[in-house]
Number of protein chains: 2
Amino acid sequence: MASTRLDPIDRKILAELQADGRMTNVELAKRVGISAPPCLRRVRTLEEAGYIRGYHADVDPRELGFEVQVFANVGLQSQAEADLSAFEARCRAWPLVRECHMLNGEVDFILKCVAPDLSTFQRFLTEELTAAANVASVKTALVIRGAKDQPGVPFDVLEERLARDA
Amino acid sequence: MASTRLDPIDRKILAELQADGRMTNVELAKRVGISAPPCLRRVRTLEEAGYIRGYHADVDPRELGFEVQVFANVGLQSQAEADLSAFEARCRAWPLVRECHMLNGEVDFILKCVAPDLSTFQRFLTEELTAAANVASVKTALVIRGAKDQPGVPFDVLEERLARDA
DNA sequence: TTACTCCGCGCAACGATCTTGCGCTCCGGC
DNA sequence: GCCGGAGCGCAAGATCGTTGCGCGGAGTAA
C-alpha cells in the first residue's frame, strides 16, 4: 500500500538490506539509529506490506557453468490479452528464461536468458522459443560482457527527490 | 575458481540461498542434510570462493515510487576498447542505470533503467544518455508489465546437465 | 490548558542461533 | 598396516532474534 508513507528510518532499512540482505538485525539497528526490537518490527512490517519481496543470494552464473547470457527480443502475431498471457505463462515455465518483460514499441517482449553453453541456448531457441505458438519473430543478442548489474532501486535518487519535494 | 568442483550439498546450499537468502543456518543445514557447523563452513567457503557474490533484499520498485522501467539499446560511434570502457564507466556512475550489458549484433549496449516517472527518465535520456560522448543512437522501450523476474541461475537445469554428463 | 488516546521506542529476559574448538571417522597414499 | 588430511558431528559460550511491558511524545477533543 503506497498510502502508508515510509519515514527516513524505513528507507534506510530498505537501502541497507538491499545492499546486504544477510545483515544482522542488531547491525542493521545500529546503522539506522534505533534499537534492535523496533528495527525488527519495522523489517517485518516492510516485508508484510510488500516493500520487501524476498531475499536472494547473488550467485555467480559463470562460476556455476552458465557461460552464456542472451537478450531475446520477441514479437508476437497476436497481441490479444489471452495470447499475451499465454506467452507469459510459457516464459515462466522455461527455466532458461530468467526475466520476461512486456514492452511497448516494435517488439512485444524482451527476455533475459542464461544457458550453460551456446549449443544449449541454440537448441532452446530453435526448438522451444521460435517454435512456440504465436511467436512471430525472435532477435537475440549475446552478452559479451557485463559492465553493471545492480539490483533494485537507487535510494540516493529517492532521497534527493524527497528532499526537493519537501 | 572453477577447478574446485562443487558437490551436491554445495549446489543445494546455493539453490536454497538463492531462493531465500535470509534462511537461518540451522534451517539450511536441515534442508541440505548436514549439521549446522559444517554447513556454515561451506557457506563461508562458497562466499570466499566467489560463488556467492552477496545477498540482497528484493525491494519492490513501484512501492517506492519508481513507476517507470525502461530498456535502452545504445549504439556507439567508436567501438575502440578505450571508448567502450569509458561508456561503461559513465553507466556505472548513473544511478538510474541499474544494468549495463555489452552485446554483439547491431546494438552495442543494453541498459536497464528505472525512474520515478516518465519525465524524470526523459530528462535523463535527453540530457545525459543521448548527450554523452560517443553515443550514436539510443532506442528505448518502456516496460508495460513484468511477467517474470527470477534472480540467478536455474539449478534444476544444472542438475539435469550434471546427471546426463555423469 | 488539560486530559486522553495511540503509536512507537527502549529495556529486559528467554529461547534460538551462531561460532569455535575438539575428537571422531572415512579415505587415499605409502 | 600405518599415517595424514579432509570433513563430519558434538558441545559450550557468545551473539542474536523475539516477546512482553512500561514509558514518553504527538495528536485530539473538551
Side-chain angles (χ1 to χ4, degrees), chain A residues 1-60 63-65 155 158-159 162-163 165-166, chain B residues 1-60 63-65 155 158-159 162-163 165-166:
Chain A
M1 46 197 78
S3 59
T4 311
R5 287 300 297 149
L6 299 174
D7 66 10
I9 294 181
D10 287 322
R11 297 197 299 272
K12 192 89 194 298
I13 287 176
L14 291 174
E16 293 288 346
L17 286 180
Q18 179 175 276
D20 179 6
R22 275 220 119 174
M23 186 182 300
T24 288
N25 183 57
V26 299
E27 173 65 22
L28 180 61
K30 196 179 308 173
R31 295 197 185 193
V32 304
I34 59 178
S35 63
C39 185
L40 186 62
R41 282 191 285 260
R42 279 169 180 265
V43 172
R44 294 281 178 265
T45 302
L46 291 170
E47 288 169 358
E48 283 160 19
Y51 289 98
I52 299 176
R53 293 185 291 206
Y55 303 88
H56 305 283
D58 179 16
V59 173
D60 190 330
E63 293 278 352
L64 271 105
F155 278 94
L158 179 62
E159 294 299 336
L162 291 172
D165 291 356
Chain B
M1 45 195 74
S3 58
T4 310
R5 287 300 296 150
L6 299 175
D7 65 12
I9 294 181
D10 287 322
R11 296 197 299 273
K12 192 91 193 300
I13 287 175
L14 292 174
E16 293 288 345
L17 285 181
Q18 179 175 276
D20 179 6
R22 276 219 121 178
M23 186 182 302
T24 288
N25 183 57
V26 300
E27 173 66 20
L28 180 62
K30 196 179 307 174
R31 295 196 185 194
V32 305
I34 59 178
S35 64
C39 184
L40 187 62
R41 282 190 285 260
R42 278 170 180 263
V43 171
R44 295 279 179 266
T45 303
L46 290 170
E47 288 170 357
E48 283 160 19
Y51 289 97
I52 298 175
R53 292 184 292 206
Y55 303 88
H56 305 285
D58 178 16
V59 174
D60 190 331
E63 293 278 353
L64 271 104
F155 278 93
L158 179 62
E159 295 299 336
L162 291 172
D165 291 356

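Owing to the predicted nature of the structure, the values given are computational and were not obtained by experimental measurement. Naming: A, B, ... by sequence-line order, numbering from 1 per chain.
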Chemist: Identify the heavy atoms of Leu6(B) and Arg11(B) that sit nearest to each other, and give their distance.
Modeler: O-NH1, 3.1 Å
Chemist: Report yes if a side-chain nitrogen or oxygen of Arg44(B) is closer than 4.0 Å to either non-bridging phosphate oxygen (OP1 or OP2) of dT19(C); otherwise report no.
Modeler: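 Yes.
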Chemist: Looking only at non-hydrogen atoms, find the nearest pair between Arg31(B) and Lys12(B) and report the distance.
Modeler: O-NZ, 3.1 Å
Chemist: Given atom CD1 of Ile9(B) and atom C1' of dG9(D), what is their separation to the nearest angstrom?
Modeler: 13 Å
Chemist: To the nearest Å, how far apart are Asp7(B) CG and dA6(D) C1'?
Modeler: 12 Å
Chemist: Quick test of your reading of the model: are Arg42(A) and Asp7(A) salt-bridged, counting only N-O distances below 4.0 Å?
Modeler: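 The answer is yes: the pair qualifies as a salt bridge.
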Chemist: For Glu47(A) and Tyr55(A), test the side chains for any donor-to-acceptor distance below 3.5 angstrom and give the result as yes or no.
Modeler: yes
Chemist: Could you state the atom-to-atom distance from CZ of Arg42(A) to C1' of dT18(D) in whole Å?
Modeler: 18 Å
Chemist: Can you measure from CG (Leu14(A)) to CZ (Phe155(A)) and round to the nearest 0.5 angstrom?
Modeler: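 The CG atom of Leu14(A) sits 4.5 Å away from the CZ atom of Phe155(A).
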Chemist: Judged by each residue's nearest nucleotide on DNA chain C, which is more toward the 5′ side, Pro37(A) or Arg22(A)?
Modeler: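 Its nearest nucleotide lies further toward 5', so the answer is Pro37(A).
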Chemist: Salt-bridged, Glu48(A) to Arg44(A), with N to O below 4.0 Å?
Modeler: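 Here Glu48(A) does not pair with Arg44(A) in a salt bridge, since their nearest N and O are not under 4.0 Å apart.
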Chemist: In this structure, how many angstroms lie between the P atom of dG17(D) and the CG atom of Asn25(B), rounded?
Modeler: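 After rounding, the gap between these two atoms is 13 Å.
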Chemist: Report yes if a donor N or O on one partner sits less than 3.5 Å from an acceptor N or O on the other, where the partners are the side chain of Arg41(A) and the base of dG10(C); otherwise report no.
Modeler: yes
Chemist: Identify, residue by residue, the members of residues 26-36 of chain B with a heavy atom below 4.0 Å from DNA chain D, and return them in order of residue number, or none.
Modeler: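 Residues of residues 26-36 of chain B under 4.0 Å from DNA chain D: Ile34(B), Ser35(B).
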Chemist: Rounding to an integer number of Å, can you tell me how far Leu40(B) CG sits from dC16(D) C1'?
Modeler: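 Those two atoms, CG and C1', are 14 Å apart.
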